[in-house]
Amino acid sequence: MHETPASRRAVGEHTKRRSRRTGWRFVFSAILVAAVITGLVRAFLIDVYFIPSGSMEPLLTEGDRVLVNKLEDTGADVRRGDVVVFDGRGSFDPITDQRSLPQRVIAGAGQWLGLAGSDTVYIKRVVGVAGDHVVCCAEDGRLRVNGRAVDEPYVFPGDAPSEQAFDVVVPDGRVWLLGDHRSVSMDSRSLLGAPGGGLVPGERIIGRAFQLVWPVDRFGPLERHDG
């Protein structure tokens, strides 16, 4: 059969259209795979957390983003001095989420994109782990853990270790948490006398914050301190 110029053009156009469709399918597939991999990594390995307040100043300020290690440094692995992200439901917040489904979806999307914090997820520093006796304060004004006065170079300049006195023995499976900006932080001290006494279950710890990633001019690891 004799091939005319018109037929050759038609074949060429068909080939181009098929090539474009294949290209778009490849791009879509690549984006989908990347999204799935990112979701799995953030669900089980490393996540990004948006700092919603100044309670951890001077280490972290409102609007910062940190990476959180979800694979280790959780539960029983947490040690004194660690900065951890945790689910406050059952301790800092009611165990059930009172928001509507659309509100939870919008809030969850903002949190996942790193554009907002969560109403039930917090970041604080571990001051006491299971078995610790934590007292505020020693005669020199410092916290005392198991009878030893603790140096806290991370506390906000000018803040006392705590203006509120407390004497807590941390039970098994729990941790005692304080913000570094002690004068403005809502933390375990705020729930003294409430059910649970501000002690957070170890299984509620999402992970340890280990890297500051935003803003880029302060990019760097978050130093671990022995409490």
Got [X] and [Y] here, is their nearest side-chain heavy-atom distance under 4.5 Å?
X: L59; Y: H225; result: no
X: Q211; Y: P221; result: yes
X: E152; Y: R142; result: no
X: D82; Y: R224; result: yes
X: I46; Y: V68; result: no

So, for [X] and [Y], which heavy atoms are closest and what is the spacing to 0.1 Å?
X: P52; Y: F50; answer: CD-O, 3.1 Å
X: C137; Y: S162; answer: SG-O, 4.2 Å
X: G54; Y: V184; answer: O-CG2, 4.1 Å
X: F86; Y: L177; answer: CE2-CD1, 3.7 Å
X: V145; Y: V127; answer: CG2-O, 4.1 Å

Using the side-chain hydrogen bond (donor to acceptor under 3.5 Å, both in side chains) definition, which of the options K124, R125, R182, H181 pairs with S55?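 The single option meeting the side-chain hydrogen bond (donor to acceptor under 3.5 Å, both in side chains) with S55 is K124.
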If you round to the nearest 0.5 Å, how far is [atom2] of [Y] from [atom1] of [X]?
X: L143; Y: R148; atom1: CG; atom2: CZ; value: 11.0 Å
X: L222; Y: I123; atom1: CG; atom2: CD1; value: 7.5 Å
X: D87; Y: I205; atom1: CG; atom2: CD1; value: 11.0 Å

Under the ring pair (Phe, Tyr, Trp, His ring centres under 6.0 Å) rule, what pairs show up with a residue in residues 194-219, not counting sequence neighbours?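 Checked against ring pair (Phe, Tyr, Trp, His ring centres under 6.0 Å) - neighbours excluded - no pair reaches residues 194-219.
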Run the side-chain contact (heavy atoms from CB on, under 4.5 Å) test on I206 and K70 for me, step by step, so that the C-alpha distance in whole Å, both residues' side-chain angles and the decisive distance to 0.1 Å come before the verdict. CA-CA 6 Å; I206 296 168; K70 303 175 76 170; 3.7 Å; yes
For the backbone of S183 and the side chain of D159, can you confirm whether one donor and one acceptor N or O come within less than 3.5 Å of each other? yes
Can T61 and I51 be said to form a side-chain contact (heavy atoms from CB on, under 4.5 Å), step by step? CA-CA 7 Å; T61 61; I51 306 302; over 6 Å; no
Under the side-chain contact (heavy atoms from CB on, under 4.5 Å) criterion, do E223 and Y154 qualify, and how do the steps go? CA-CA 10 Å; E223 182 182 355; Y154 40 75; over 6 Å; no
Distance-only donor-acceptor pairs under 3.5 Å for side chains of residues 166-176, two or more places apart:
{"residue": "D167", "atom": "OD1", "partner": "H133", "partner atom": "NE2", "Å": "2.5"}
{"residue": "R174", "atom": "NH1", "partner": "L199", "partner atom": "O", "Å": "2.9"}

Tell me whether Q164 at atom CD has more than 12 heavy atoms from other residues, nucleotides or ligands lying less than 6.0 Å away.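 More than 12 heavy atoms, drawn from other residues, nucleotides or ligands, come within 6.0 Å of this atom.
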Looking at residues at least two apart in the chain, or sitting in another chain, which of them share a salt bridge (Lys or Arg N to Asp or Glu O under 4.0 Å) with R189? D187
When clusters are formed by joining ILVMFWY residues with side-chain heavy atoms under 4.5 Å apart, either directly or through shared neighbours, do [X] and [Y] land in the same one?
X: V135; Y: V150; result: no
X: V200; Y: M186; result: yes
X: V126; Y: F156; result: no

Test side-chain contact (heavy atoms from CB on, under 4.5 Å) on L60 and V66; report intermediate values, then the result. CA-CA 9 Å; L60 302 169; V66 296; 3.6 Å; yes
